[in-house]
Number of protein chains: 2
Amino acid sequence: MAKTSARQGTAPRNYPKGERRRAQIIEAAFTAFGQVGYRNASMVQLAAACDVSRAGLLHHFPTKESLLEAVLEERERQDDAHFFGSGAVNRDGLEYFASMIRLVAHNQANPLIVSLFAVLSGEATAADHPARPYFVARYERTRRQMQLAVDDLVRRDLLRPHVDASGLAADLIAFIDGLQIQWLLSPDAIDMPDHLRKLLRGLISVELP
Amino acid sequence: MAKTSARQGTAPRNYPKGERRRAQIIEAAFTAFGQVGYRNASMVQLAAACDVSRAGLLHHFPTKESLLEAVLEERERQDDAHFFGSGAVNRDGLEYFASMIRLVAHNQANPLIVSLFAVLSGEATAADHPARPYFVARYERTRRQMQLAVDDLVRRDLLRPHVDASGLAADLIAFIDGLQIQWLLSPDAIDMPDHLRKLLRGLISVELP
DNA sequence: CCTACCGATCGGTAGG
DNA sequence: CCTACCGATCGGTAGG
């Protein structure tokens, strides 16, 4: 499963038209999966939305699952770009959580991003769902990374008394995920970055950078 | 929409065979909706699972939506039974959250209950989903009720310093919802009532009853 | 990328 | 006019 490059799959390098089509299809699938989920999204409607025949769509993505994989990689790339681009060195817990607030604010400005994971992660809890292994691995990795940031705050004695640092990473991830559901259902009642900021102020004894 | 009785829909009173069939169908749909979601569940498979013809199924639930409605009512009834049965008077914040921990423990022993809402709430964020109005209303109501419990703790000065009580209800609901996703994906890595207990200990300055 | 197809399954409705 | 179903089939659409 090792990938040496961001590009993968059926698209060769330097066919600009094919690359653009590919990107267009991924974007349309990103939207569709986020709106109705993976299983309920239809390849026929996706092809129509991209002004391509079904056979044309299948040229770029021979199966629906290959398209799902590409969409998840695209989403992963966006998260990475945000984190690495913002100078959030993993070792600094304060920088990590400041970056997290910015990411949540960025996502709130882009409902499609929020929708994709809220819908897919629920759907992918099914035992036979093709995205289940991806989400299991992603949550394990995210918990491990965020717990490093938490542990850094513990070491520097920046957590408030009575805050239990064990499992705090899972708690914060859960909080953000759950908030997305409430925001998608009642966007006017919930301000996600505001909730996260307030919650973190109750956990961390200094102001975030 | 006022319901004077728990019984509703097409089933009249005192047809024991019909009532049993109805309950069996609701249970099967409860499972199916929780496993693959509403849209992806099929009336044909549901009928087969209940050893009933499709026409027989449609006699009890003339549309798929009517079955969804019955399933959501059944789930609501289970929650209510838990809360009222445990003597959790809404006005007492400590009792409320103690009851909440028991509910989460009960749900963790019954994955189907967890699955149903985790899958449906994600699916129902879609603009045209038949369960969207239900979930919007349910979250609004739950936030309001839980905030009453939070406000009671504020009045009695039982929240730790630096805890922001405004919007805390939404935060706790989000936390529980998000934890369910992680638990469904990695049941061995997450213990939901344990996480909730530890989190509440960081918020509330006295031990829960 | 196209046309021309496949086996199957969808939710809902008919008369009896 | 009731309940509790039955076998058959409608027009459309699914992924490949």
Side-chain angles (χ1 to χ4, degrees), chain A residues 9-29 32-33 35-71 120 123-124 126 128-131, chain B residues 7-30 32-33 35-72 120 123-124 126 128-131:
Chain A
T10 57
R13 30 181 125 171
N14 259 331
Y15 287 82
K17 191 178 170 189
E19 287 290 292
R20 261 182 284 125
R21 211 34 126 188
R22 231 183 109 83
Q24 181 194 14
I25 293 168
I26 291 175
E27 198 191 321
F33 292 169
Q35 279 172 351
V36 299
Y38 169 71
R39 289 203 256 224
N40 200 253
S42 123
M43 294 290 269
V44 170
Q45 286 171 19
L46 234 28
C50 297
D51 270 311
V52 163
S53 72
R54 257 188 54 211
L57 173 58
L58 292 172
H59 165 74
H60 291 286
F61 299 97
T63 65
K64 202 185 183 186
E65 275 197 42
S66 69
L67 181 51
L68 172 62
E69 204 179 310
V71 166
L120 281 191
E123 193 182 354
D128 63 340
H129 196 282
Chain B
R7 173 185 286 113
Q8 61 84 239
T10 56
R13 29 181 127 171
N14 260 332
Y15 286 81
K17 189 179 170 190
E19 288 289 291
R20 261 182 285 125
R21 220 16 139 193
R22 229 183 112 82
Q24 181 195 13
I25 293 169
I26 290 176
E27 197 191 323
F30 198 106
F33 292 168
Q35 279 173 351
V36 300
Y38 168 72
R39 289 203 256 223
N40 200 254
S42 124
M43 294 290 270
V44 171
Q45 286 172 19
L46 235 28
C50 296
D51 270 311
V52 163
S53 73
R54 260 189 50 213
L57 173 58
L58 292 173
H59 165 74
H60 292 285
F61 297 97
T63 65
K64 202 185 184 187
E65 274 198 42
S66 70
L67 181 50
L68 172 62
E69 203 179 312
V71 166
L72 292 175
L120 281 191
E123 192 183 357
D128 62 341
H129 196 283

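Chain letters run A, B, ... following the sequence lines, proteins first, then strands; residues in each count from 1. Since we're looking at a predicted model, the values are computed, not measured.
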**Student:** Rounding to the closest angstrom, what is the interatomic distance between C:dG16 and D:dA4 at atom P?
**Tutor:**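 Pairwise P distance, C:dG16 against D:dA4, rounds to 22 Å.
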**Student:** So, using side-chain contact (heavy atoms from CB on, under 4.5 Å) as the criterion, who are the partners of A:Gln24 when residues are at least two apart?
**Tutor:** A:Arg21, A:Cys50
**Student:** Checking B:Tyr38 now: which residues fulfil ring-ring contact (aromatic ring centres under 6.0 Å, His included) with it, not counting sequence neighbours?
**Tutor:**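 By the ring-ring contact (aromatic ring centres under 6.0 Å, His included) rule, B:Tyr38 matches B:Phe33, B:His129.
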**Student:** Can you name the closest pair of heavy atoms from A:Glu65 and A:Pro130 and give their distance?
**Tutor:**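 Looking at all heavy atoms of both residues, the shortest contact is CD-CB, 3.6 Å.
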**Student:** For the P atoms, the ones on D:dG12 and on C:dA8, what distance do you get once it is rounded to whole angstrom?
**Tutor:**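 That atom pair is separated by 22 Å.
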**Student:** Hey, what are the protein-to-nucleotides 12-14 of chain D N/O distances that come in under 3.5 Å?
**Tutor:**
| residue | atom | partner | partner atom | Å |
| --- | --- | --- | --- | --- |
| D:dA14 | OP1 | A:Ser42 | OG | 3.0 |

**Student:** Whole-Å distance between D:dC5 P and B:Arg20 CZ?
**Tutor:** 10 Å
**Student:** Nearest whole Å is fine: how far is C:dC1 P from A:Phe61 CZ?
**Tutor:** 13 Å
**Student:** Pairing of DNA chain D as dot-bracket, 5' to 3': ( ) intra-strand, [ ] crossing, | other strand, . unpaired, with Watson-Crick or G-U pairs under 3.5 Å?
**Tutor:** .....|.|....|.||
**Student:** Is any side-chain heavy atom of A:Ile25 closer than 4.5 Å to a side-chain heavy atom of A:Leu46?
**Tutor:** no
**Student:** Would you mind reading off the distance between B:His59 atom NE2 and D:dC2 atom P, rounded to a whole angstrom?
**Tutor:** 12 Å
**Student:** Do B:Leu68 and B:Leu120 come close enough that some side-chain heavy atom pair is under 4.5 Å?
**Tutor:** yes
**Student:** Under 4.0 Å between any heavy atoms, over every strand shown, what does B:Leu58 touch: base, sugar-phosphate, or nothing? Just pick one.
**Tutor:**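 Base contact - B:Leu58 has a heavy atom under 4.0 Å of at least one base atom.
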**Student:** Does the side chain of B:Leu67 come within less than 4.5 Å of B:Met43's, by heavy atoms?
**Tutor:**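 In contact.
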**Student:** How many Å lie between CG on B:Leu57 and P on D:dA4, as a whole number?
**Tutor:**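 Taking atom P of D:dA4 as the reference, CG of B:Leu57 is at 14 Å.
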**Student:** Quick one: salt bridge (charged side-chain N to carboxylate O under 4.0 Å, His left out) partners of A:Asp128, sequence neighbours excluded?
**Tutor:** A:Arg39
**Student:** Rounded off to whole Å, could you give me the CG-to-P distance for the B:Leu46 and C:dC10 pair?
**Tutor:**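 So the two atoms are 11 Å apart, to the nearest Å.
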**Student:** Which sits closer to the 5' end of DNA chain C, A:Val52 or B:Glu65, going by the nucleotide each is nearest to?
**Tutor:**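 Residue closer to the 5' terminus by nearest nucleotide: A:Val52.
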**Student:** For A:Gln45, which residues count as a side chain to side chain donor-acceptor pair (under 3.5 Å) partner, sequence neighbours excluded?
**Tutor:**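 So A:Gln45 forms no side chain to side chain donor-acceptor pair (under 3.5 Å) with any residue.
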**Student:** So A:Arg22 and A:Phe61, side chain to side chain contact (heavy atoms under 4.5 Å, CB included) or not? Walk me through it.
**Tutor:** CA-CA 9 Å; A:Arg22 231 183 109 83; A:Phe61 299 97; 3.6 Å; yes
**Student:** Does B:Arg21 place a side-chain N or O at less than 4.0 Å from the phosphate oxygens OP1/OP2 of D:dC5?
**Tutor:**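 Indeed, a polar side-chain atom of B:Arg21 lies that close.
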